[in-house]
2 protein chains.
Amino acid sequence: MNEKIQEMKADILSAMAHPIRLKIIEKLRQGPCCVCRIIPYVGGEQSNVSHHLAILKRAGILSSEKKGLEVWYEVTDPVIFEILDLIKYPLIKELKRKNNLLNALVEND
Amino acid sequence: MNEKIQEMKADILSAMAHPIRLKIIEKLRQGPCCVCRIIPYVGGEQSNVSHHLAILKRAGILSSEKKGLEVWYEVTDPVIFEILDLIKYPLIKELKRKNNLLNALVEND
DNA sequence: ATAGTATATGATAATATTTACATATATTCA
DNA sequence: TGAATATATGTAAATATTATCATATACTAT
């Protein structure tokens with residue numbers, strides 16, 4: 001049982017773990033948005049963005065609604081934004097660690 | 001600049017996004033632990049676990065220290081545990097959504 | 001009905017990740 | 001020194017992900 005939960009958590013994380021998909025999620029921080037504005041925001045090909053949207057939707061991270069010709073996406077749970085905000089901290093720690101290495105390298109040439 | 005940060009965030013998420021690696025992190029919730037106890041906990045081959053440990057370390061999620069013959073690993077930033085705790089919520093939401101589909105399917109045969 | 005627009009889907013090649021096996025390294029102990 | 005142990009590394013095959021191109025679908029307006 002716990003194994004399966006671990007797997008599902010990994011699936012959600014994998015769905016988030018791509019630069020284009022993170023950019024899509026960031027765009028949706030402002031609120032729901034149609035694909036026609038997501039595409040120019042993230043850059044890249046229409047069909048590629050569409051695939052990434054599908055991956056996020058399959059993982060349950062996004063939901064979508066049709067409005068006439070347009071499709072509007074939104075983040076289903078704002079906790080996703082919290083997670084992305086928290087990721088900042090290990091990133092800072094890691095960059096500081098690398099900075100220390102840099103200093104050590106430069107100082108005692 | 002922001003693009004690069006997005007990429008680095010994606011790298012940390014990718015490093016976390018694997019069932020074995022999540023299991024390693026869960027094991028380390030109790031505190032630092034040597035590889036010799038991580039391997040039987042997560043199951044799987046020694047060299048495979050070692051590779052996964054290396055991936056987590058490269059991402060800055062784990063750090064390691066040699067103690068005689070053993071190598072002890074630990075999670076560098078407890079915020080990692082917070083993130084894994086938060087992932088639970090979109091997961092619950094997603095499973096509820098699927099449960100609704102199930103009900104709809106069963107009720108109006 | 002037809003044309004035009006927004007988005008999704010399918011197929012495939014390119015690329016990356018994962019696993020398994022074999023071997024290497026580092027440390028301890030006799 | 002040599003054997004034993006814990007862990008890491010190299011490599012290659014199996015598998016999964018990504019990007020691209022072509023095409024399909026759904027809707028709107030004429």
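Note that the structure is predicted; figures quoted are calculated from it, not measured. Note that these values count all heavy atoms, side chains included, but never hydrogens, waters or copies made by symmetry. A note on names: the letters A, B, ... follow the listed sequences, proteins ahead of strands, and every chain is numbered from 1.
- Position along DNA chain D of the nearest nucleotide to B:Ile39 versus B:His51 favours B:Ile39 as the more 5'-ward residue.
- Picking from D:dT9, C:dT19, C:dT7 the nucleotide with the shortest atom distance to the side chain of B:Ile20 gives C:dT19.
- Between A:Leu69 and A:Ala17, it is A:Ala17 whose nearest contact on DNA chain D lies nearer the 5' terminus.
- Considering only side-chain N and O atoms, A:Tyr73 lies under 4.0 angstrom from the phosphate OP1 or OP2 of C:dA8.
- Across all strands, A:Arg21 comes closer than 4.0 Å only to sugar-phosphate atoms, never to a base (heavy-atom distances).
- Counting non-hydrogen atoms under 4.0 angstrom, B:Glu45 reaches a base of the nucleic acid.
- One atom, NE2 of A:His52, and another, C1' of D:dA19, lie 8 Å apart when rounded to the nearest Å.
- Annotation for B:Leu28 and B:Cys33: closest pair CD2-CB, 3.6 Å, computed over non-hydrogen atoms.
- Rounded to an integer number of Å, the gap from CG of B:Leu22 to P of C:dT18 is 11 Å.
- Put simply, the side chain of B:Ile20 reaches to within 4.5 Å of the side chain of B:Asn48, judged on heavy atoms.
- Rounding to whole angstrom units, CZ of residue B:Arg37 and C1' of D:dA6 are separated by 13 Å.
- Salt bridge B:Lys9/A:Asp85: absent, no basic N to carboxylate O contact under 4.0 Å.
- Per the geometry, CZ belonging to B:Arg58 stands 12 Å off P belonging to D:dA8, to the nearest Å.
- The nearest whole Å value for the distance from the CG atom in B:Asp11 to the P atom in C:dA16 is 12 Å.
- Residues B:Ile80 and A:Pro90 are in side-chain contact: their nearest non-hydrogen atoms beyond the backbone lie under 4.5 Å apart.
- In this structure, the CD atom of A:Glu65 is 15 Å from the C1' atom of C:dT7, given to the nearest Å.
- In the set C:dT18, D:dA19, C:dA26, the nucleotide with an atom closest to the side chain of A:His18 is D:dA19.
- Between the C1' atom of C:dG10 and the CG atom of A:Asn48 lies a distance of 14 Å, rounded to the nearest Å.
- With C:dT27, D:dC21, C:dT19 as the candidates, the nucleotide lying closest to the side chain of A:Ser47 is D:dC21.
- The main-chain N or O of A:Ala10 is never found under 3.5 Å from a side-chain atom of B:Arg21 such that the two would form a donor-acceptor pair.
- The base of C:dA8 sits within donor-acceptor range of the side chain of A:Gln46, with an N or O pair under 3.5 Å.
- If you measure from atom CH2 of B:Trp72 to atom P of D:dA6, you get 14 Å, rounded to the nearest angstrom.
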